[in-house]
Amino acid sequence: MKKLSALLIVTMLNALHAYGSDITAFQSLVRRIIPEFENHIEARIIPAEKDKADFFTLSTQERKVIIQANNANSLAVGLNHYLKYYCHTVVSWFHDETMNMPEVLPELPHPITIKARVKERFFLNYCTFGYTMPWWGWQQWEHFIDWMAMNGINMPLAITGQESIWYKVWQQLGLDDKTIRSYFVGPAHLPWHRMINVDRWGGPLPMSWLKDQENLQKKIVQRERELNMRPILPAFSGHVPMDIKKVYPQAKITQIEPWDGFKDEYAPCFLDPMDPLFKKIQRTFLQIQNKTYGTDHIYGIDLFNEITPPSYDSQYLARVARQIFRTLQSVDKKAVWLQMGWLFYYNRKNWNDERMKAYLNANPADRQIILDYFCERKEVWRDTQRFFDTPFIWCYLGNFGGNTFLTGNPHDLNKRIEASLKEAGDKVCGIGATLEGLDCNPYIYEYVFEKAWDFPEHKDVDNWTKHLADERTGIVDEQARQTYSDLINVVYNSTSTSWHAGCLNQRPSVNRIKKGKKAARLTYDTNRLQAVAERLVEIKDISERHKFDVVNITRQWLSNRFDEILLAFVNELEGKRRFAVLKNYEDCMLELINDLDRLLATQPAFLLGKWIKDAKSKAENQEEETYYEQNARNLLTTWGDKGSPLNDYANRSWAGLTKNYYGTRWQMFFNEVNKVVLNGKPFDENEQKAFENIVSKFEYLWWKQCIGTFDAEPQGDPVTISKQLIQKYKQP
């Protein structure tokens, strides 16, 4: 009896400590987000019943907002709900965007209780760590982790700093410093090294980078755990340096075919999981990583992502999956294997049912989680018997390459998510988002994560849109609500695709231009977007979010107008070829590019200069500054070397990039057209090829020689400039 009483006391003390830690973590979040109201927000922990859903309760008592919840993460969701739906404000995922709070916290008319509909809320993508996060410091990460907590995310991908672990592993296995750091790729390209796509491009990686990222990752995972998240850390997938063969000559290593246009010298190598060395590397990596970063027992291992496995034989695939999981279990008995379902969408022809079933059913279903990666386009679970009864997370992708293009479809997302939660049963264990880059459509992702909770507002998209207008403008205004309703219902009705951009951001090509709207994949009339922009600039300007939206909508409209003028230019070029008419179109388009750049310069989120400044801030000397800047420019432009199939994949409408890079390409294109027209000749395929030879040299030199310098701080008033440009370029 005494032993039982002592055990009970210890259990109670541990629980009280955990509850206190949750409250402390939440209070710190409040202090960071709204310090002026720190003493007006009271948190209370109410333990959830075993296996019951996360929840929070909101009420007001004696001018205080009372948030009761089962942990710090649920408390954060409760705070976010209160800020959005009662204070008409929102915490942005953009670190630089400030909030506008009311002078007095509004009272709730009655208490409300909201429960989570799914256990897991996943966020991020390997690619996000390249297209958005490679240059982030702790200040940006700290804010972003708060945003994730407030949006209920409890399962974030956490792959920062893994190269420092691999450095120690490869050293222990006999490789030297230069060999190891040359095996890695440049910082912005590291996601594709981690996914076994490319080696050595942009290396060697500086030692200062390894140390910086290890220190940063320690802070990231500590804060995420404080806010009840379980960070997804990596494990060994079989990716090895070819030089390991010199130390272990008997190892069964296969060099994989080059990925997406990279030369043979950059092709990665794969160690057969059946080889005894595989288990040794797995154990060494996990022991060092777990000692450095800790573990929550969920490991991301992604095999054969956009690459061909050594064999598609079903028995081989099952054997590989089984062996990899055994190596995980040999180190961590609680291990759960999480993997992207992208390969099952991207390469569905080769990953047929027989192969997929053998691969997934090789291990216990309850020790696996699949991310159904691109559900707004294709819900793979529907065609695969719910991944052959493997738990999965329904994911919205929404962005490729960090492209800045208005896209998303809340009405369709609502239908798909509701149907999946109803029809997939207990195999859909969560909702997530797998965006490649933080883009210009943040509220679409916030909507997806609201669907993970039993919020009354998200059940009707039109009703949610009214609240969206309130939080984006900071006021309750019927004109604003109608404007945002038109924006959501007219413009946000499409699914993102790769290279999602208008012609302005793409290398000039007559054939592409002739496709007209298809080039930009527009699903609406640009005149209707113009009407939204015209009304948006007339709304009372009281919030930073409204300013961002004004620029964002006007930016998209100007890009669409560029395409329309360009199409008229091409029609003239292939028709009468009147030089004066062509020159008039040319002057108009070049002026529009400069004006668009001026508009973009008003927002921190649209500044090339900030991206470059953040990259250079990682440097310890001038040589490293140049190295980081080259890598930062390379990813946004040619992506790889000259002639890369990924050229412009990461295009985006940013100040500096628009005028200095895209604008220069268009000026070069017009120069070539003018020469041909003045000589009385058509601009044919041969002329196009000649131009592309010229422009590819410029593209290469632009990132290699770091051409141009750019402001890292916003300039000008966004609403004033937007009004001017709408008036200047609008259709009568």
Side-chain angles (χ1 to χ4, degrees), residues 399 403-411 439-441 443-444 465 479 482-497 499-506 508-539 548-573 584-600 603 606 651-654 658 662-663 666 718-719 721-732:
N399 176 273
N403 300 156
T404 44
F405 198 90
L406 297 184
T407 187
N409 191 335
H411 287 282
D439 66 359
C440 58
N441 308 289
Y443 30 82
I444 305 298
T465 303
Q479 180 185 347
Q482 185 57 54
T483 300
Y484 276 86
S485 176
D486 288 349
L487 177 65
I488 294 298
N489 292 321
V490 173
V491 177
Y492 280 99
N493 59 9
S494 63
T495 300
S496 184
T497 63
W499 284 275
H500 212 163
C503 290
L504 194 157
N505 289 15
Q506 301 177 43
S509 164
V510 171
N511 286 335
R512 184 182 295 124
I513 296 164
K514 287 192 292 186
K515 295 178 183 178
K517 290 184 178 180
K518 291 182 180 179
R521 304 169 180 94
L522 288 181
T523 55
Y524 57 87
D525 186 336
T526 294
N527 288 333
R528 299 193 70 177
L529 182 60
Q530 175 182 308
V532 170
E534 287 180 303
R535 279 185 282 151
L536 201 62
V537 295
E538 297 303 326
I539 296 171
F548 174 84
D549 289 350
V550 164
V551 173
N552 194 26
I553 304 309
T554 307
R555 169 201 62 77
Q556 182 69 63
W557 173 73
L558 284 170
S559 177
N560 297 356
R561 287 288 293 124
F562 181 91
D563 285 1
E564 292 174 344
I565 301 168
L566 186 58
L567 186 57
F569 173 91
V570 169
N571 288 338
E572 180 67 28
L573 181 62
N584 184 56
Y585 285 135
E586 173 193 332
D587 292 344
C588 182
M589 285 184 282
L590 292 176
E591 189 171 358
L592 187 151
I593 289 173
N594 291 337
D595 283 337
L596 175 57
D597 198 85
R598 183 164 59 97
L599 174 68
L600 294 166
Q603 292 298 300
F606 295 142
N651 77 82
R652 49 197 72 179
S653 295
W654 280 3
T658 296
Y662 304 138
W666 280 106
V719 177
I721 295 174
S722 292
K723 286 182 177 179
Q724 292 171 350
L725 298 185
I726 291 170
Q727 188 63 34
K728 182 175 181 179
Y729 292 102
K730 73 177 183 179
Q731 291 276 42

Asks: Can you see which heavy atom on Ser559 is nearest to which on Gly502, and at what distance?
Replies: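 Nearest heavy atoms, Ser559 then Gly502: OG-CA, 4.1 Å.
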Asks: Side chains of Phe606 and Arg555, heavy atoms from C-beta outward: is any pair under 4.5 Å?
Replies: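 Phe606 vs Arg555: side chains touch.
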Asks: In the structure I gave you, are the side-chain heavy atoms of Ile553 and Leu406 within less than 4.5 Å of one another anywhere?
Replies: yes
Asks: Begin with the C-alpha distance, continue with both residues' side-chain angles, and end with the deciding distance and a verdict on side-chain contact (heavy atoms from CB on, under 4.5 Å) for Leu487 and Leu536.
Replies: CA-CA 10 Å; Leu487 177 65; Leu536 201 62; 6.0 Å; no
Asks: Quick one: sort the Phe405 and His500 rings into parallel, tilted or perpendicular, breaks at 30° and 60°.
Replies: parallel
Asks: Which pair of heavy atoms, one from Val550 and one from Ser722, lies closest together, and at what distance?
Replies: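 Here Val550 and Ser722 meet closest at CG1-OG, 3.2 Å.
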Asks: Short question: side chain of Trp666, backbone of Leu590 - any donor-acceptor pair under 3.5 Å?
Replies: no
Asks: Ala533 and Thr554: which non-hydrogen atoms are nearest, and at how many Å?
Replies: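 Ala533 and Thr554 have their closest heavy atoms at CB-OG1, 4.4 Å.
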Asks: Minimum heavy-atom separation for Ala501 and Asn651, please, with both atom names.
Replies: CB-OD1, 3.0 Å
Asks: Quick one: CG on Leu558 to CD on Gln530, what's the gap to the nearest 0.5 Å?
Replies: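 Rounded to the nearest 0.5 Å, the CG-CD separation comes out at 10.0 Å.
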Asks: Taking atom types as modelled, is there a side-chain donor on His411 or Asn489 under 3.5 Å from an acceptor on the other?
Replies: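 Indeed, the side chains of His411 and Asn489 share at least one donor-acceptor pair under 3.5 Å.
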Asks: Could you tell me if Ser494 and Thr407 have a donor-acceptor pair between their side chains, going purely by distance under 3.5 Å?
Replies: yes
Asks: Could you walk me through whether Leu522 and Asp563 satisfy the side-chain contact (heavy atoms from CB on, under 4.5 Å) test, starting with their C-alpha distance in whole Å, then the side-chain angles of each, then the deciding distance to 0.1 Å, before giving a yes or no?
Replies: CA-CA 11 Å; Leu522 288 181; Asp563 285 1; 5.5 Å; no
Asks: Kindly indicate whether the side chain of Lys728, heavy atoms from C-beta on, has any atom under 4.5 Å from the side chain of Glu591.
Replies: yes
Asks: Would you say the side-chain atoms of Tyr524 and Asn560 include a donor-acceptor pair closer than 3.5 Å?
Replies: yes
Asks: Out of Leu599, Val537, Leu600, which residue meets the side chain to side chain contact (heavy atoms under 4.5 Å, CB included) rule with Ile721?
Replies: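 Testing each of Leu599, Val537, Leu600 against Ile721, the sole residue satisfying side chain to side chain contact (heavy atoms under 4.5 Å, CB included) is Leu599.
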Asks: List the atom of Ser653, the atom of Asn505, and the distance in Å for their closest heavy-atom pair.
Replies: OG-ND2, 3.3 Å
Asks: Would you check, one step at a time, whether the test side-chain contact (heavy atoms from CB on, under 4.5 Å) holds for Gln731 with Thr526?
Replies: CA-CA 10 Å; Gln731 291 276 42; Thr526 294; over 6 Å; no
Asks: Hey, could you give me the CG/OG distance between Asn403 and Ser496, rounded to the nearest 0.5 Å?
Replies: 6.5 Å
Asks: Got Phe562 and Tyr662 here, is their nearest side-chain heavy-atom distance under 4.5 Å?
Replies: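 They are not in side-chain contact.
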Asks: Starting at CG of Asn399, measure out to CG of Asn441 and round the result to the nearest 0.5 Å.
Replies: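 Taking CG in Asn399 and CG in Asn441, the distance rounds to 8.0 Å.
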Asks: Would Tyr443 and Tyr484 count as a close aromatic pair, with their ring centres under 6.0 Å?
Replies: no
Asks: Using a cut-off of 6.0 Å, state whether more than 12 heavy atoms not belonging to Arg528 lie near its atom CZ.
Replies: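 Open: at most 12 neighbouring heavy atoms sit under 6.0 Å from CZ of Arg528.
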Asks: Could you tell me which non-hydrogen atom of Ile488 sits nearest to which non-hydrogen atom of Pro410, and how far apart they are?
Replies: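 The answer is CG2-CG, 4.0 Å.
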Asks: Nearest 0.5 angstrom please: Cys588 SG to Arg561 CZ, how far?
Replies: 7.5 Å
Asks: Ignoring hydrogens and angles, state whether a donor on the side chain of Gln556 or Asn552 is under 3.5 Å from an acceptor on the partner side chain.
Replies: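 Looking only at side-chain atoms, Asn552 and Gln556 do not form any donor-acceptor pair under 3.5 Å.
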Asks: How long is the straight-line distance from CD of Glu534 back to CG of Leu529, given to the nearest 0.5 Å?
Replies: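 With rounding to 0.5 Å, CG (Leu529) is 10.0 Å from CD (Glu534).
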Asks: Give, for atom CH2 of Trp557 and atom NZ of Lys730, the distance between the pair rounded to the nearest 0.5 Å.
Replies: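 These two atoms lie 8.5 Å from each other.
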